[in-house]
*Asks:* 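Pasting a structure below so you can have a look.
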Amino acid sequence: MIDEQTARERVVSAADRLFYARGVQAVGMDAVRSESGVSLKRIYALFPSKEDLIVAVLRHRTDRWNAGVTDAVDGAGTPRERLLAVFDFLAGWFREDDFRGCAFINVFGELGGGSDRIAEAVREQKESFRRQVAGLVRAAGGPDHLAPQLVLLAEGAQATAAISRDPDMAGHARAAADTLIRCALDDAGEPAAAA
């Protein structure tokens with residue numbers, strides 16, 4: 001018998017794949033059982049309700065998102081490049097075969113109005129991303145108002161790329177971000193040659 005942590009990881013990973021591919025409401029717990037190889041009895045011992053499982057999946061996705069952005073940013077050089085690396089991360093993600101847009105927006109659209117816990121998990125992820133970008137803006141010497149502008153570009157690119165099925169939206173958002181960053185940093189006194 002697999003240990004509790006392994007079972008939990010299998011169930012969350014399976015549910016994540018299924019929820020993202022099909023939508024939360026379309027996936028029953030039997031499908032999660034089949035995909036994960038964990039019995040329903042064990043799943044319900046780990047996650048007493050489907051809502052508990054959805055929240056666990058959203059937290060798992062938050063961790064993956066944060067790690068992906070961090071990896072992209074850590075591979076960039078200058079503070080400006082680090083800000084733009086967020087959009088490079090999006091460009092790679094948008095080209096994945098299973099890209100269906102932002103899982104958080106998708107789940108919120110399906111269930112956010114009916115579950116305070118799910119809505120809060122989505123808000124926590126969006127706030128976490130905003131803080132991540134705000135930290136990058138501060139490190140670049142940019143003004144506070146730049147962070148929400150860049151977050152809006154990233155969020156909008158996700159929704160637009162999913163709906164239009166056009167992965168080039170990340171490049172368009174990156175170009176707009178570059179303009180915003182250049183203007184904001186130049187206004188803050190950074191020499192233009194620092195790009």
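Note that these values count all heavy atoms, side chains included, but never hydrogens, waters or copies made by symmetry.
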*Asks:* Do Asp178 and Arg80 have side chains that get closer than 4.5 Å, going by heavy atoms?
*Replies:*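 Asp178 vs Arg80: side chains touch.
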*Asks:* With the side chain counted from C-beta on, respond yes when Asp166 and Thr160 share a heavy-atom pair under 4.5 Å apart, and no when they do not.
*Replies:*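 Side-chain contact under 4.5 Å: no.
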*Asks:* Can you tell me if CG on Asp116 sees more than 12 non-hydrogen neighbours from other groups inside 6.0 Å?
*Replies:*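 Counting neighbours around CG of Asp116, 12 or fewer heavy atoms of other residues, nucleotides or ligands fall under 6.0 Å, so no.
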*Asks:* If you measure from the Lys or Arg side-chain nitrogens to the Asp or Glu carboxylate oxygens, is any gap between Arg10 and Glu35 under 4.0 Å?
*Replies:*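 Judged by the 4.0 Å cut-off on N to carboxylate O distance, Arg10 and Glu35 do not form a salt bridge.
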*Asks:* What pairs meet the ring-ring contact (aromatic ring centres under 6.0 Å, His included) rule with one or both residues in residues 155-178, with sequence neighbours excluded?
*Replies:*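 For residues 155-178: none.
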*Asks:* Which heavy atom in Ser164 sits nearest to a heavy atom in Met169, and how many Å separate them?
*Replies:*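 For Ser164 versus Met169, the nearest heavy atoms are OG-CG, 4.1 Å.
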*Asks:* Do Glu110 and Ile118 have side-chain heavy atoms sitting under 4.5 Å apart?
*Replies:*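 Answer no - side chains too far apart.
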*Asks:* Under the criterion side chain to side chain contact (heavy atoms under 4.5 Å, CB included), I'd like the reasoning laid out for Leu90 against Trp93: C-alpha separation, chi angles, the key distance, then a yes or no.
*Replies:* CA-CA 5 Å; Leu90 294 178; Trp93 178 39; 3.9 Å; yes
*Asks:* Show the nearest heavy-atom pair for residues Tyr20 and Gly101, with the distance to one decimal.
*Replies:*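 Scanning both residues, the minimum pair turns out to be OH-O, 2.7 Å.
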*Asks:* Kindly determine whether His60 and Glu9 satisfy side chain to side chain contact (heavy atoms under 4.5 Å, CB included), including the steps that lead there.
*Replies:* CA-CA 9 Å; His60 168 74; Glu9 289 170 4; over 6 Å; no
*Asks:* Among residues at least two apart in sequence or on other chains, which ones pass side chain to side chain contact (heavy atoms under 4.5 Å, CB included) with Ala176?
*Replies:*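 Ala176: side chain to side chain contact (heavy atoms under 4.5 Å, CB included) contacts with Leu153.
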*Asks:* Do you know which two heavy atoms are closest between Gln158 and Cys102, and how far apart they sit?
*Replies:*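 Of all heavy-atom pairs spanning Gln158 and Cys102, the closest is OE1-CB, 3.1 Å.
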*Asks:* State, with a plain yes or no, whether a side-chain heavy atom of Leu146 is found less than 4.5 Å away from one of Gln149.
*Replies:*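 The answer is yes; the side chains approach within 4.5 Å.
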*Asks:* Applying side chain to side chain contact (heavy atoms under 4.5 Å, CB included), run through Val11 and Arg8 and close with a yes or a no.
*Replies:* CA-CA 5 Å; Val11 171; Arg8 185 176 185 82; 6.0 Å; no
*Asks:* For Asn106, what residues pass the side chain to side chain donor-acceptor pair (under 3.5 Å) criterion, not counting sequence neighbours?
*Replies:*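 Side chain to side chain donor-acceptor pair (under 3.5 Å) list for Asn106, sorted by chain: empty.
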*Asks:* Side-chain heavy atoms nearer than 4.5 Å, only ILVMFWY residues, links allowed to pass through others: does that put Leu18 and Val107 together?
*Replies:*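 Cluster IDs for Leu18 and Val107 match.
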*Asks:* Taking the side chain as every heavy atom from C-beta outward, state whether Leu111 and Gln25 have any atom pair closer than 4.5 Å.
*Replies:*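 SC-SC contact between Leu111 and Gln25 confirmed.
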*Asks:* Please report the closest heavy-atom contact between Leu150 and Phe87, naming both atoms and the distance.
*Replies:*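 Shortest heavy-atom contact: O-CZ, 3.6 Å.
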*Asks:* Is it possible for you to say whether Phe94 and Phe104 belong to one hydrophobic cluster, with membership spreading through side-chain heavy-atom contacts below 4.5 Å?
*Replies:*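 In one cluster with Phe94: Phe104, no.
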*Asks:* Indicate if Val12 and Tyr44 have the same hydrophobic cluster label, given that clusters are the connected sets of ILVMFWY residues with side-chain heavy-atom separations under 4.5 angstrom.
*Replies:*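 Linked, Val12 and Tyr44 end up in one cluster.
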*Asks:* Could I get the full list of salt bridge (Lys or Arg N to Asp or Glu O under 4.0 Å) partners for Asp71, not counting sequence neighbours?
*Replies:*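 Expected list: none.
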*Asks:* Could you tell me if Asn66 and Ser128 have a donor-acceptor pair between their side chains, going purely by distance under 3.5 Å?
*Replies:*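 Note: Ser128 and Asn66 side chains meet the donor-acceptor criterion.
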*Asks:* Under the rule for salt bridge (Lys or Arg N to Asp or Glu O under 4.0 Å), what residues qualify as partners of Glu127, not counting sequence neighbours?
*Replies:*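 With sequence neighbours excluded, Glu127 shows a salt bridge (Lys or Arg N to Asp or Glu O under 4.0 Å) to Arg130, Arg131, given in chain and number order.
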*Asks:* For Arg42, which residues count as a side chain to side chain contact (heavy atoms under 4.5 Å, CB included) partner, sequence neighbours excluded?
*Replies:*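 Only Met1, Ile2, Glu4, Ala7, Val38, Ser39, Leu46 meet the side chain to side chain contact (heavy atoms under 4.5 Å, CB included) criterion with Arg42.
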*Asks:* Please name all residues satisfying side chain to side chain donor-acceptor pair (under 3.5 Å) with Arg82, sequence neighbours left out, ordered by chain then number.
*Replies:*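 In terms of side chain to side chain donor-acceptor pair (under 3.5 Å), with neighbours along the sequence ignored, Arg82 is linked to no residue.
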*Asks:* Taking only residues two or more places apart in sequence, or in another chain, which ones meet Arg95 in a side chain to side chain donor-acceptor pair (under 3.5 Å)?
*Replies:*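 So Arg95 forms a side chain to side chain donor-acceptor pair (under 3.5 Å) with Asp168.
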*Asks:* Considering all heavy atoms of both residues, which atom of Ala140 and which atom of Leu83 are nearest to each other, and what is their separation?
*Replies:*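 Here Ala140 and Leu83 meet closest at CB-CD1, 4.0 Å.
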*Asks:* Less than 4.5 Å apart, side chain to side chain, heavy atoms only: is that true for Ile43 and Ser36?
*Replies:*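 With C-beta onward as the side chain, the pair touches.
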*Asks:* Would Ile105 and Gln125 satisfy side chain to side chain contact (heavy atoms under 4.5 Å, CB included), going step by step from the backbone distance to the final call?
*Replies:* CA-CA 10 Å; Ile105 293 171; Gln125 188 275 331; over 6 Å; no
*Asks:* What's the spacing between Asp144 CG and Arg138 CZ if we round to 0.5 Å?
*Replies:*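 Answer rounded to 0.5 Å: 7.5 Å.
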*Asks:* Without placing hydrogens or testing angles, list every side-chain donor-acceptor pair under 3.5 Å for residues 47-58, not counting sequence neighbours.
*Replies:*
residue, atom, partner, partner atom, Å
Ser49, OG, Glu51, N, 3.4
Ser49, OG, Asp52, N, 3.1
Ser49, OG, Asp52, OD2, 3.1
Lys50, NZ, Val24, O, 2.8
Lys50, NZ, Val27, O, 2.5
Glu51, OE1, Arg117, NH1, 3.2
Glu51, OE2, Ser115, OG, 2.4
Asp52, OD1, Arg117, NH1, 2.7
Asp52, OD1, Arg117, NH2, 3.0
Asp52, OD2, Ser49, N, 3.2

*Asks:* Quick one: closest heavy-atom pair of Ala85 and Ala76, and the distance?
*Replies:*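 Ala85 and Ala76 have their closest heavy atoms at CB-CB, 4.0 Å.
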*Asks:* By ring pair (Phe, Tyr, Trp, His ring centres under 6.0 Å), which residues pair with Phe89, not counting sequence neighbours?
*Replies:*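 Expected list: Trp65.
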*Asks:* Under the rule for side chain to side chain donor-acceptor pair (under 3.5 Å), what residues qualify as partners of Asp63, not counting sequence neighbours?
*Replies:*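 So Asp63 forms no side chain to side chain donor-acceptor pair (under 3.5 Å) with any residue.
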*Asks:* Please identify which of these residues, Arg64, Arg100, Arg22, meets the salt bridge (charged side-chain N to carboxylate O under 4.0 Å, His left out) condition with Asp16.
*Replies:*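 So the option named by the test is Arg64.
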*Asks:* Which residues satisfy the side chain to side chain contact (heavy atoms under 4.5 Å, CB included) test with Asp30, sequence neighbours excluded?
*Replies:*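 Applying side chain to side chain contact (heavy atoms under 4.5 Å, CB included) to Asp30 gives Arg33, Leu40.
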